[in-house]
2 protein chains.
Amino acid sequence: MAAGIDDVARAAGVSTATVSRALRDLPNVSAKTRERVRAVATELGYVASPSAASLASGRTRAIGLISPWVNRWFFANIIDGAERALRARGYDVLLYTFDIQRSGERPRIDPDVLRRRVDGILVVGLPLARDELEALQGLGYPLVCIGWGGSEEATVRLDDRVIGLEAVRYLIRLGHRVIGHVTGTPDDVHPWSPPADRATGWREAMTEAGLEPDAGLMESGGFEVSGGRASVKALLARHPDLTAVFAASDEMAMGAILGLRDLGLRVPEDVSVMGVDGHELGELVGLTTMSQPVDEQGWAAAELVLDMINGKTPPRRVVFPARLVERTSTAAPRGVAS
Amino acid sequence: MAAGIDDVARAAGVSTATVSRALRDLPNVSAKTRERVRAVATELGYVASPSAASLASGRTRAIGLISPWVNRWFFANIIDGAERALRARGYDVLLYTFDIQRSGERPRIDPDVLRRRVDGILVVGLPLARDELEALQGLGYPLVCIGWGGSEEATVRLDDRVIGLEAVRYLIRLGHRVIGHVTGTPDDVHPWSPPADRATGWREAMTEAGLEPDAGLMESGGFEVSGGRASVKALLARHPDLTAVFAASDEMAMGAILGLRDLGLRVPEDVSVMGVDGHELGELVGLTTMSQPVDEQGWAAAELVLDMINGKTPPRRVVFPARLVERTSTAAPRGVAS
DNA sequence: CTGTTAGCGCTTTCAA
DNA sequence: TTGAAAGCGCTAACAG
C-alpha cells in the first residue's frame, strides 16, 4: 500500500537516486526520464517519507513558529499569514505556544523542543528575554522576529515610534492637551519592543507640542481587553482632566472604552480613545486606529527565513507602514472647535 | 557539538540500545543505569533526532491540526487549547490552513501533505466534503473532528440543535414573534454541521411556540462580521416586521449589529440580536450570547486523538454544554412588557 | 545523464 | 537487564 522509493525505481526501471532527483526537480535528469518517474510515482501514490528525507539530508523543511498566544488579534493574523506563505513554499509549520503569566514570570521557552526539528524559526510578537533569544539562536537556525526585535536580529516590524508620534500628533491636532497612554506591563517591555517605542512616540509628540508627558499619564497593565479596561480607570483616577487616551493596541483601546463606560463617561464626548492595529471589530465602537498590514508581515517574515535558509542575504530589517484610520472614537475635546 | 546517541552510550559505558530505552522510560533498565544515562545525556545536551526516531519507530510524535483559518475566534481558541494540550503530552503540532473561497470552491485539502508526517489528525470547525474527509481517513491515522462531525467520526462538539433551541426560546420568552436567523453559506453546511443544527434548533423553537419559521426569515451569508452585516440587511428587506435576530456566531451577530446601525435601527429597542460563542469583545456591544467552553474543547480533542493513538477506545463523541449569557443586545420588543 | 553505495541517527528484535 | 546488529527510507557523494 505505502509505496517506497524503490517501488517507484523498479517500476520506472531506474535507480532510486534517479527517482529522488527526478521528483525533487534536481538537474541532471533527462526530461523523458523525469516524466516517466513522475508518472510512475503518481500512479503508485508515492510520497517521500519526510523523516527519511530529513535524516538523510539534514533538512527538515519545517519552520518553528513561536508565539505567546494564538487567540489574540495580532498573533492570530501573523500566524495565519506566515503559515500560508510557508506552505505555499512547501514548508511545514510547527506551532509553539508559551504562556505569559500575569505574575511576570513565564515558563521559559525550551530550545530543545526545536532542536533538529526545524530549518528556521519565526518568533512572533513578544520580546523574549535576552538569554532565551540567545538560547534559541544557539540552535544555529536562521531566526526572524516579527513585530519586535533589536538591530541585531533579522526583523519584520512597524516603525512603532512613528506610530506613537503620529497617533498623538493627531490627537493634539484635534485640540487635546492632556493625553494619556495605555500600554502593556513593563516586564515584557524591552528597549526595542513595540510598547516601549510607541510610548517613546507618545512622549515625543507631547514634548514637541510643549505638553508634559508626565509618568502619571502612562499606565501599563495587561495587553488584553481587561488590561485596557483597568488601566484607563487608574489613569483617570490620577488625571481627571484627561481628554484623550492613546492605547498601544486596539484590544486595549476597546478595553479602555469599556472602562470609560464603567465610569459613566462617553466616548468621544468626554474622552477620545484611539488604538493601534486595525482590528476588524474596532468598527463596532467606531475605534480610530493606526492600522497595520498584518498578513503582509507574516508573509514577509516567511520569505525572509526561507531566503536565509537558502543562503541568500536578505535585508535584515523590513519595516511596514501603518496608516491612520479615523472613526468616531476621537473628536475635539469639549469647548474646542475643530 | 551536537551529541548523538552513541556519544552518550560511550560516555555512560552502555550500549545505544540502553540509552534509547533509558531515556524513553522503557522498562527493563535498572534504576541506576537509567540514572547514569540521564545524567550523561543532560551533561552532553543530548536530544534525540526526531527524524531518526520517526524513521526507526514509525511514529512521528506529531499531530496535524487542520483548520480553515487561524484568525477567527473559534478557530484561534481551539488551536490555542489543542496546541497546549498536545505539547504538554510531548507532541508537536503541525498547522495546516486552507482557504474557504467566497466562490464556494476551495482548494481541496491534499492528504499527501500529511502522509507519514503525523500520528493523528485534528480537523477543526469546518465540515470537509465527504470525500475530503475520506481521503484524510484513508491515511490511516486516528482523526478527531472538533466543532463538527457526524456519528461516524470521533467528535468533540456542542449540542448545536439545543443551542439554537434555547437561544430562540429565550427570545420568544422576551416576547418576540418574528425572529430571523443569520448563518453561514449553505455550501459549507452539511446535515450535521453546527450551522445546520443551530438552524434546526431555531426552527423547532419557532414551531413549538406556534410561530412560522419561514425560509424568508433565514439568511445565509459569510461566517464573518461582514457576512452578518450583509445578511441582516437582506433579512430586513424581506421582513420589515422583524424584531429579533439569532445569529449562529458572535462574529455574525456583531456584524448584524453593525448592519442594523447602517439602517438607522437601534439595538435592542428596534431589533434584539444574539449570537453564539462568548467572544470576549461581545461586551463592547452588550451582546447576549450562548457561551461555549472553547479551550476545553481543544483540550478534550487532544486527549481524544492521543488516546486513540495509544490504542485505547475513548468515547467517540464528547459534547460540551453552552450557557446563556444575557446582556443588553436583547430586550422585549416594543409594546411588550417583560 | 544515471547507477552504486555508504551513511543519516535512531529503534527494535533477538540473543546473551 | 543489557548488547549486537539489522534495518527504517531516503539523500549525496562518487563513479561511470
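Computed over heavy atoms, backbone and side chain alike; hydrogens, waters and symmetry mates excluded. A, B, ... follow the sequence lines: proteins, then strands. Residue 1 opens every chain. Keep in mind that this is a model prediction, so the values were computed, not measured.
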Going by the rule salt bridge (Lys or Arg N to Asp or Glu O under 4.0 Å), which residues pair with D112(A) if we only count those two or more places apart in sequence or in a different chain? R115(A)
Restricting both atoms to N or O, compile the protein contacts to nucleotides 1-4 of chain D shorter than 3.5 Å, with distance only.
residue: dT1(D); atom: OP2; partner: N28(B); partner atom: OD1; Å: 2.9
residue: dT2(D); atom: OP1; partner: S30(B); partner atom: OG; Å: 3.2
residue: dT2(D); atom: OP1; partner: T33(B); partner atom: OG1; Å: 2.4
residue: dT2(D); atom: OP2; partner: S30(B); partner atom: N; Å: 2.8
residue: dG3(D); atom: OP2; partner: S15(B); partner atom: N; Å: 2.8
residue: dG3(D); atom: OP2; partner: S15(B); partner atom: OG; Å: 3.2
residue: dG3(D); atom: OP2; partner: T18(B); partner atom: OG1; Å: 2.7
residue: dG3(D); atom: N7; partner: R21(B); partner atom: NH2; Å: 2.8
residue: dG3(D); atom: O6; partner: R21(B); partner atom: NH1; Å: 3.2

Using heavy atoms to find the nearest nucleotide of DNA chain D for A56(B) and S54(A) separately, return the residue whose nucleotide is more 5′. A56(B)
Residue pairs involving residues 49-78 of chain B (criterion salt bridge (Lys or Arg N to Asp or Glu O under 4.0 Å); sequence neighbours excluded): R72(B)-E251(B)
Closest non-hydrogen contact found for T97(B) with E83(A) is CB-OE1, 2.8 Å
Can you check the L55(B) CG to dG7(D) P distance for me, whole Å? 14 Å
Applied to residues 298-318 of chain A, the salt bridge (Lys or Arg N to Asp or Glu O under 4.0 Å) test, sequence neighbours excluded, yields R89(A)-E303(A), D307(A)-K312(A)
Which residue pairs pass the side-chain hydrogen bond (donor to acceptor under 3.5 Å, both in side chains) test with at least one member in residues 39-49 of chain A, sequence neighbours excluded? none
Spacing of D7(A) atom CG relative to dG9(D) atom P, expressed in whole Å: 10 Å
Between P of dA13(D) and CZ of R24(A), the distance in whole Å: 11 Å
Considering residues at least two apart in sequence or located in another chain, which fulfil the side chain to side chain donor-acceptor pair (under 3.5 Å) criterion with E224(A)? S226(A)
Residue pairs meeting salt bridge (Lys or Arg N to Asp or Glu O under 4.0 Å), one or both in residues 117-128 of chain A, sequence neighbours left out, come to R117(A)-D92(B)
Rounded to 10°, tell me the angle between the two end axes of the helix from dC1(C)-dG16(D) to dA16(C)-dT1(D), each built from five pairs. 30°
Could you work out, with salt bridge (Lys or Arg N to Asp or Glu O under 4.0 Å) as the rule, every residue matching D7(A), not counting sequence neighbours? R10(A)
Under a 4.0 Å heavy-atom criterion, DNA chain C is touched by chain A from dC1(C) to dC10(C)
Using the salt bridge (Lys or Arg N to Asp or Glu O under 4.0 Å) rule, collect all pairs that involve residues 19-30 of chain A, keeping only residues at least two apart or in two chains. D25(A)-R34(A), D25(A)-R38(A)
Run the salt bridge (Lys or Arg N to Asp or Glu O under 4.0 Å) test against E296(B) and tell me which residues pass, sequence neighbours left out. none
